[in-house]
Amino acid sequence: MAPDVSGLKKRAEEELKGVGNLKDLDEVFRKYLGRKGELTLVLRSLVQLPVEQRSLVSKEANAARDELRQLTEELRKALEGSVRQGGLDVTAPGVRIVRGHLHPLTRLQREVNGIFSGMGFSVVEGPEIEDEWHNFDALNIPANHPSRDMWDTFWMKEKLTKNRHLLRTHTSPVQIRYMEHHEPPLRVIVPGRVFRYEATDARHGFNFYQLEGLMVGKQVSVANFKGVIMEFYKRLFRSEVKVRLRPSYFPFTEPSFEVDMSCLLCGQKGCGSCGQSGWLEMMGAGMVHPKVFEAVGYNPKFLQGFAFGMGLDRLAMMRYKINDARLLYSGSLKFLEQF
Amino acid sequence: MIFSYSWLQELVSSKLPVPSELADVLNAHAFEVEEVEKRGGEWLLNLSVLPNRAGECTNHLGMAREIAAILKSGLKMPPLLPMRTQKGSLAPLEVSVRDLELVPRYAAFVVEGVEGKDSPAWMKKRLELVGVNSINALVDISNYVMLEMGQPLHVFDYDEIRGGIMRLKKVQEGEEIATLEGGIHRLPAGTLVIEDAERLIDLAGIKGGAVSGVSQGTRNVVFQAATFEKFFMYASRKRIGLETPAAVLYGYGIDPNLADEALARTASLLRELGVGGKIVQNIDIYPKKIRPRKIALELERVNSLLGKKVPEGEAMGILKRLGFSCTKKGPGRFAVEVPTRRQDVQLPEDLIEEIGRISGYENIFPQLPTEYLIPPEPNERLLLEEDSRDVLREAGFTETYGYSFIGEKDLSLFAYTSEEAEGLAEVENPISSEYRYLRDSLLPNQLRALAQNVAHGRQGVRFFEAGTSFARMGEKFSERRLLAGVLQGDAFFEAKGVVDFLLERLGSEEAWYDTSNQAPSFGPQGLWDNDRSAEIKIAGRRIGFVGSLSAQIAARLKIPRAAMFELDTEMLGEIANTETEYHEPSKFPSVLRDIAVFVPHDVKVADVLNVMEPAGGELVADIDLFDLYDAEELGEGRKSMAFHITFQSQERTLKGSEVDQAESAMREALKANPEWEVR
């Protein structure tokens, strides 16, 4: 009688379906495909069959063997895979991605430039080695005037005795340079590096960054300055802020102010950062002095404008809670890789 | 300056708010309050009076005037004794002023028969609380009047003025004077002094001379209330380097009309303190009387500049309380007369500041501008720099900001030649020798930062900076924006790869690395390893330098190896192209073939490519070096290069025979060189 190859194959397939682990799989494999397995025995017994049946059964049995082998192989792979997955320690650290970092001052400047650009201010720049006229005289800070003492200056070594060169003490000379070549109305900000001849400590450096702002038109007022600067702080610190102006003196503005912002750390209750006052000193500002307009060839009779200058290092220190200004220039990875 | 609360109270007619509230009022309307403190039972306020107001407000009467104006109160003048001279026995002094433009007014009186004594306790205490030592009644009175009214006074011993002569004049080169604090000063030519018949007796406006000072035994004195020209005094004090309170005050500018009240106050105090004596001579050289300035003010301008409507009555009230007098000239138009002490008030805007601050900036409401908006112009240079920063960050670099300075020691550390050092921009007054020069390259400070982090055990450090470099050419200074990077390790090809990546991302055409000229555009040449560095050229222009750090400098910095690059960002801007365009990839299959070639040691990859590329023709889509092998077993002075060559067409599937033909053309071209062996 011819063996029931198809019934044998069906049984084997049924049993394989019930297999849940590698050990059971091996048992089923041995039962049907092992050296003494049922299918193996069928194949061996083919010679005993009558010739007319032999080729048909042989074909069927060989096909069944190949199919079952493939099936067990697939099952084996799946079972092995599940074993490996179960054994993976997913709490081990992921592969560390090597990345670079932008300096906090770059990040801050981008943010600040973005806010002012949104309010219609162009970003302009100027030289860091300036001449005395642009840095002082044109800004109504004459030589032999005590107001010059407000800026401790690095002078360049040179033979010139008139209109000598210096490292700009503020970004304000760029106001002059810009107005010399542009007509009002105008709105510009000037970010850049400035220099002061003074010893460095946790709050001051001899080089640091300033952001100058200038808006000139027919009706630009103190109220407009307050509006623009409040909007700026609101967007930068992403919260409602109050702004306070106090009388001050800068030779290139009249009136002149110190600008304070409500302390966001303590909600104006008074804390260490604001010296218990509820206010933080943020910048100097004022309405452009008529003599500055005259210096650039504008007619002050028909123009009004505001100008301001803020220290970006200090702003970065507030924004990122940095406690020492010198860290910004330290080149220390421990500091830089936090940004 | 330190102000005494009780002294201020004496000069204001209504009761002052408590010290902390007074401080708030001053902060909001006048001057920054540095500190409020109680010492010796007295409240003291340290106020920061800026240079525009320092001439008339660093005294108690001036500050009281401010307070009275803010609080809508009145000023209470201290006791003054009208000047009346009496007949005495002293010979009259003969005073002459040679440079009237430097001495707008010389006022003084002579007192005969004073009694040397100490000041009363109240005056001693008041002086000491605000930081002035008590000496004797005569000197104390002069200091007291200065602190109260702002007029610097000087008191001379009449009997030490020889020949009865006082001459105000400028000195010649080389004259010397011994002053009261004990110093001897060699005076620059042109310094203003007072001399008697025989010698210099006073460094005018700065410090009294030792020979003419008063002591307990002094019987006859001269009280001087002079005015000196402020710019001259400022320059003079800076030249001599003597920062006395009087000299500082004169530098800010003193009202010549102040002398009368100051001398009247002096006379009153002489009587009050029982110093005795009688005024026997009154001196007043004041040829050109200073009169109040008039400014035309329009209320319209006040409102427009402040952005707030100030009622006419309020504006005029404020000016009047500050001592200005206003005459109405028409609707909203006024002529304002400025008291001569207010030298800072010259323009309508100065008056607007007075109105604005006294009425209160807190009453100006924020308002966004209504001026029409012109869209801001993009700053292309800055945008490119920002793009470069992003690209380098993507490449794993960390951005640093370095100081703009390098120091004397850096010149030898970073191997500057004397010629290179000559081209550095130098600061005349450096903070220290560590920061004497301005950097001509960003690399020295970057390498220093690298070394510091390597010393802390960091691996694989990659830094970059975008910053300004400086140079001096003859008498001219120049500056350039640069982009520089350093890489820890033997990383020349990484550095070069980063430059290629940057250029590609900025949309530049490919760079050519030229080794024929070994001079970098910025910084010292000695920084670079000559055998491992190249100029970066695009379209024939030098845009920067890439290479390895010189082994010698690496050893000095204790960095085993480093690679670096420095580019001119302004030139980058000119070659960059930020337009991005999509190129459709070929739809047809590509064929890959490999060619390997042995070449003599000095043959460069670029040399081999230059032969292969033209030989392969149009079908070659890409040639990629995948192996560069340089070893002894290859034989004397030989190296092996292996390339993947990709053949592909945009229009069709290539036939095997076409590819074979192109490949053999490349092999034949290589074989044409007898020293090259194609494997």
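Throughout, protein chains are lettered first and strands after them, A, B, ... in sequence-line order, and every chain is numbered starting at 1.
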Colleague: Less than 4.0 Å between a side-chain N and a carboxylate O, is that true for Glu426(B) and Lys157(A)?
Modeller: yes

Colleague: Any carboxylate oxygen within less than 4.0 angstrom of a Lys/Arg side-chain nitrogen, looking at Arg244(A) and Glu362(B)?
Modeller: no

Colleague: More than 12 foreign heavy atoms under 6.0 Å from CD of Glu422(B): is that the case here?
Modeller: no

Colleague: Can you tell me which portion of Met230(A) sits under 4.5 Å from chain B's heavy atoms? Options are side chain, backbone, both or neither.
Modeller: side chain

Colleague: Flag the pair Arg472(B) and Glu158(A) as a salt bridge only when some basic side-chain nitrogen lies within less than 4.0 angstrom of an acidic carboxylate oxygen.
Modeller: no

Colleague: Would you mind checking which part of Val124(A) comes under 4.5 Å of any heavy atom in chain B, side chain (CB onward), backbone (N, CA, C, O), both or neither?
Modeller: backbone

Colleague: Select one option (side chain, backbone, both, neither) describing which atoms of Phe195(A) are under 4.5 Å from chain B's heavy atoms.
Modeller: side chain

Colleague: Heavy-atom cut-off 4.5 Å, strictly under: side chain, backbone, both or neither for Phe121(A) against chain B?
Modeller: backbone

Colleague: Only pairs of heavy atoms separated by less than 4.5 Å count here; which of Asp149(A), Ile229(A), Asn113(A), Val98(A) has the most with chain B?
Modeller: Asp149(A)

Colleague: Please flag which part of Glu465(B) lies under 4.5 Å from any non-hydrogen atom of chain A: side chain, backbone, both or neither.
Modeller: side chain

Colleague: Check each atom of Pro430(B) against the heavy atoms of chain A and say whether the ones under 4.5 Å are side chain, backbone, both or neither.
Modeller: backbone

Colleague: Mind ranking Val248(B), Leu392(B), Val461(B), Leu438(B) by heavy-atom pairs under 4.5 Å with chain A and telling me who comes out on top?
Modeller: Leu438(B)

Colleague: Would you check if there is a donor-acceptor pair between the side chains of Arg193(A) and Ser404(B) at a distance under 3.5 Å?
Modeller: yes

Colleague: I'd like to know if the side chain of Glu377(B) pairs up with that of Ser122(A) as donor and acceptor (distance under 3.5 Å, no hydrogens or angles considered).
Modeller: no

Colleague: Using every non-hydrogen atom in the two residues, find where Asn429(B) and Tyr197(A) come nearest and quote the distance to one decimal.
Modeller: O-CE1, 3.0 Å

Colleague: Need one label for Arg481(B): side chain, backbone, both or neither, based on atoms under 4.5 Å from any heavy atom in chain A.
Modeller: side chain

Colleague: Which answer fits Arg462(B), side chain, backbone, both or neither, if we ask what part of it has an atom under 4.5 Å from a heavy atom of chain A?
Modeller: neither

Colleague: Select one option (side chain, backbone, both, neither) describing which atoms of Glu298(B) are under 4.5 Å from chain A's heavy atoms.
Modeller: neither

Colleague: Could you name each residue pair satisfying ring-ring contact (aromatic ring centres under 6.0 Å, His included) that touches residues 444-484 of chain B, not counting sequence neighbours?
Modeller: His165(A)-Phe477(B)

Colleague: On a heavy-atom basis, which atom in Asn144(A) and which in Ala235(B) lie closest, and how many Å separate them?
Modeller: OD1-CB, 3.4 Å

Colleague: Sort Leu347(B) into side chain, backbone, both or neither according to what part of it lies under 4.5 angstrom from a heavy atom of chain A.
Modeller: side chain

Colleague: Checking heavy atoms, do the side chain of Ser256(A), its backbone, both or neither come under 4.5 Å from chain B?
Modeller: both

Colleague: Does any backbone or side-chain atom of Leu160(A) lie under 4.5 Å from a heavy atom of chain B? Answer side chain, backbone, both or neither.
Modeller: backbone

Colleague: Under the salt bridge (charged side-chain N to carboxylate O under 4.0 Å, His left out) rule, collect the residues that match up with Arg187(A), sequence neighbours excluded.
Modeller: none

Colleague: Name the option with the most non-hydrogen atom pairs under 4.5 Å to chain B; the candidates are Leu336(A), Ile129(A), Val123(A), Leu245(A).
Modeller: Ile129(A)

Colleague: Under the criterion ring-ring contact (aromatic ring centres under 6.0 Å, His included), I'd like the reasoning laid out for His145(A) against Phe231(B): C-alpha separation, chi angles, the key distance, then a yes or no.
Modeller: CA-CA 6 Å; His145(A) 195 282; Phe231(B) 291 112; 5.8 Å; yes

Colleague: Just checking, is any N or O donor in the side chain of Asp313(A) or Tyr401(B) under 3.5 Å from an acceptor N or O on the other one?
Modeller: no

Colleague: For Arg196(A), which atoms come within 4.5 Å of any heavy atom of chain B: side chain, backbone, both, or neither?
Modeller: neither

Colleague: Return yes if a side-chain donor-acceptor contact under 3.5 Å exists between Ser332(A) and Gln452(B), otherwise no.
Modeller: no

Colleague: In plain terms, say whether Glu337(A) and Arg458(B) are close enough for a salt bridge, that is, a side-chain N and a carboxylate O under 4.0 Å apart.
Modeller: yes

Colleague: Which residue out of Glu258(A), Arg99(A), Lys334(A) racks up the most heavy-atom pairs below 4.5 Å with chain B?
Modeller: Arg99(A)

Colleague: Do the ring centers of Phe405(B) and Phe154(A) come within less than 6.0 Å of each other?
Modeller: yes

Colleague: Kindly compute the distance separating CG (Asn303(B)) from OG (Ser221(A)), expressed to the nearest 0.5 Å.
Modeller: 10.5 Å

Colleague: Do the side chains of Glu32(B) and Arg246(A) get nearer than 4.5 Å, heavy atoms only?
Modeller: yes

Colleague: Could you tell me which portion of Ala425(B) (side chain, backbone, both or neither) has an atom closer than 4.5 angstrom to a non-hydrogen atom of chain A?
Modeller: both

